[in-house]
There are 2 protein chains.
Amino acid sequence: MSKCEQCIVREFSSLKALTKDELLQLSDCKTSYTIKKGEVIFEEGENVNGIYCVKDGICKLTKLSPNGKDHIVKLVTKGELLGQRSMISDEPVNLSAVALEDMEVCFIPKSEVMSFFDKNNQFSMNVMKTICGDLKEADDNMVNLAQKTVKERLAETLLYLHDTFGKNEDNSLKVQLSRDELASMIGTATESCIRLLSDFNKLGLIELTGKKIVLKEINKLKKMADYDPK
Amino acid sequence: MSKCEQCIVREFSSLKALTKDELLQLSDCKTSYTIKKGEVIFEEGENVNGIYCVKDGICKLTKLSPNGKDHIVKLVTKGELLGQRSMISDEPVNLSAVALEDMEVCFIPKSEVMSFFDKNNQFSMNVMKTICGDLKEADDNMVNLAQKTVKERLAETLLYLHDTFGKNEDNSLKVQLSRDELASMIGTATESCIRLLSDFNKLGLIELTGKKIVLKEINKLKKMADYDPK
DNA sequence: TTAAAAATATGATATATGTCATATAAATGT
DNA sequence: ACATTTATATGACATATATCATATTTTTAA
């Protein structure tokens, strides 16, 4: 069992407020998991009695709509926590978490987190700030979905993926989403998403090579998206 | 200056966790305001440095989209707090708050709230839970905007207004939104909103009398709001 | 390797929704 | 009470996007 004290990822999460003692305590009660690409970490409606700390990899948080389609609400990557909202609300999780790449995550039981809440105000504050950040992001997404066209949303999402998760040596986006996933992130039909990607490609804004996407004209994409990076 | 200890509204907000001493302290530092219908409490981008407790009335939280249209992100009514997110994030507010009716609100400076956070864990927890609730609501709205039709969203919003804010003696919805506001809540053009209301009216689902809206067939509206696969 | 399944791509078409124009009704201010 | 502005309503039309069909490519598994 690896020690939380030495975990690089800890520095980037709310857990950075924990003291050495608390980290030792944490090491003792956490459980580490390896999750393969495509595997489910938890599913909408489940009772997850704790939180996951993402050590490596990326996952999508999805919500099933009444019409049967999944919508990707958020992507979560290393250094972030999963399941905080429902743990705090004392409810089943309202989203499913599915690995987009192989992942390493640690599970921390609720009792433990709650005891940190009690003892360590800075930690509470960090968690609160994270959730507040999520809320702001959700508000922004809402307005985008309500007011922007699919084309604008696609451009914006490509830029978001670029800015947030970076690119490979060949300049292609690091997070590799299927067309279907991309569509369910921007809230459109898969075919529409494919078509618009094709258009962007023909316009020279992006370059498509199989699943790989390279952003060629970032400024034009920004203009297209009315994108303002926070 | 009225005493927070005797404020009925307190019981319904996160503030219910405060002790008698804390409430006395709160009474001393709060400022009460009367806000007339249509007046702005705060505007997107402003630095609010505290939170508002809504004692009476309803307001809308709106966000301006790049295309110049407002989107109504949420309605806030008595017993709820305003501006918590940005206070905690230490950022300017990301939403504007505008009164939909005459309101009474109390402003509580940030320093005060922070001291309660430090001293009173139950209070922190309450605030956290509220924000988590907001986040869940935002996620739900996002998926609805992404996946449901305007008609479904209109039906759902009417039901939401009905369930959340109740109705007058004549059975009309208590919150009275203009067609424009209703449209910017469901994320559509004003004309589309008006047209669909007309349709609902002709179908006997609702009854329109001037600005007043009466829900006549709640069950049919519910069926309509939940997508049913054909 | 090969067959089967899934993902991507693109065309044809349907439809929901937005936009523009204009009429009427209601609200507002002088 | 009047004129002026603003909100509501409705028609005609444009267009973005969804849906359905089908081909092609890629991935998966046997």
Side-chain angles (χ1 to χ4, degrees), chain A residues 36-39 65-71 100-101 144-157 172-173 176-203 206-214 224-226, chain B residues 36-39 65-71 100-101 144-157 172-173 176-203 206-214 224-225 227 229-230:
Chain A
K36 289 253 170 275
K37 178 176 175 171
E39 277 178 8
S65 122
N67 70 10
K69 279 189 195 168
D70 262 336
H71 183 80
L100 290 175
E101 343 171 312
N144 281 344
L145 281 166
Q147 310 272 13
K148 287 190 178 178
T149 64
V150 174
K151 197 194 284 184
E152 287 168 336
R153 267 143 51 203
L154 175 58
E156 175 151 39
T157 300
S172 65
L173 295 181
Q176 228 164 268
L177 298 171
S178 68
R179 302 291 189 262
D180 191 56
E181 285 169 328
L182 197 50
S184 85
M185 210 175 154
I186 66 180
T188 191
T190 309
E191 296 95 320
S192 299
C193 175
I194 290 173
R195 227 179 287 272
L196 283 171
L197 281 173
S198 259
D199 291 351
F200 284 12
N201 190 19
K202 277 165 198 154
L203 288 168
I206 63 174
E207 198 174 271
L208 297 174
T209 322
K211 248 194 171 59
K212 288 185 180 286
I213 302 175
V214 179
M224 183 166 240
D226 250 307
Chain B
K36 288 252 171 276
K37 177 176 175 172
E39 277 180 8
S65 119
N67 70 9
K69 279 188 194 167
D70 261 338
H71 184 79
L100 289 177
E101 345 171 311
N144 281 345
L145 281 166
Q147 309 272 13
K148 287 191 177 177
T149 64
V150 175
K151 196 192 286 185
E152 289 166 338
R153 266 143 52 203
L154 175 58
E156 176 152 38
T157 300
S172 64
L173 294 181
Q176 225 162 271
L177 298 171
S178 68
R179 303 290 189 262
D180 192 57
E181 285 170 329
L182 196 50
S184 86
M185 210 175 153
I186 66 181
T188 189
T190 309
E191 297 94 322
S192 299
C193 175
I194 290 175
R195 225 179 287 271
L196 284 172
L197 282 174
S198 262
D199 291 351
F200 284 12
N201 190 17
K202 278 166 199 155
L203 288 169
I206 63 174
E207 198 174 86
L208 298 174
T209 321
K211 250 192 167 62
K212 290 184 178 287
I213 301 175
V214 178
M224 185 169 241
Y227 176 92
K230 0 186 163 153

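Each chain gets a letter, A, B and so on, in the order its sequence line appears, and its residues count up from 1. Computed from a predicted model, the values in this text were never measured in an experiment.
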**Prompt:** In terms of side-chain heavy atoms of B:L208, which of D:dA9, C:dT17, D:dT17 is nearest?
**Reply:** D:dA9
**Request:** Just compare C:dT10, C:dT17, D:dA9 and give me whichever is closest to any side-chain atom of B:V150.
**Result:** C:dT17
For [X] and [Y], indicate whether the former's side chain and the latter's backbone hold a donor-acceptor pair under 3.5 Å.
X      : Y      : answer
A:R153 : A:K148 : yes
A:T209 : A:K212 : no
A:T149 : A:E152 : yes

**Message:** Students often get this wrong, so: under 4.0 angstrom with heavy atoms, is B:S192 touching a base, only sugar-phosphate, or nothing?
**Reply:** base
**Message:** Any base atoms under 4.0 Å from A:T190, or only sugar-phosphate, or nothing? Heavy atoms, all strands.
**Reply:** nothing
Whole Å only: how far is the [atom1] atom of [X] from the [atom2] atom of [N]?
X      : N      : atom1 : atom2 : result
B:Q147 : C:dA16 : CD    : P     : 17 Å
A:K202 : C:dT8  : NZ    : C1'   : 13 Å
B:L177 : D:dA7  : CG    : C1'   : 14 Å
A:E191 : C:dA12 : CD    : P     : 16 Å
B:I186 : C:dG18 : CD1   : P     : 9 Å
B:L154 : C:dA16 : CG    : P     : 15 Å
B:L196 : C:dG18 : CG    : C1'   : 12 Å
A:D199 : C:dA9  : CG    : P     : 12 Å

**Request:** Measure distances between side-chain N and O atoms of A:R195 and base N and O atoms of C:dG11, and say whether any donor-acceptor pair falls under 3.5 Å.
**Result:** yes
**Message:** Using a distance-only criterion (donor-acceptor N/O pair, under 3.5 Å, no hydrogens), is the base of D:dT25 paired with the side chain of A:R179?
**Reply:** no
**Message:** Show the nearest heavy-atom pair for residues B:S198 and B:L208, with the distance to one decimal.
**Reply:** N-CD1, 4.3 Å
**Prompt:** Hey, which of these two, A:K211 or A:K69, hits DNA chain D nearer its 5' end, going by closest nucleotide?
**Reply:** A:K69
**Request:** Report the distance from atom CG of A:N67 to atom CD of B:Q147, rounding to the nearest 0.5 Å.
**Result:** 5.0 Å
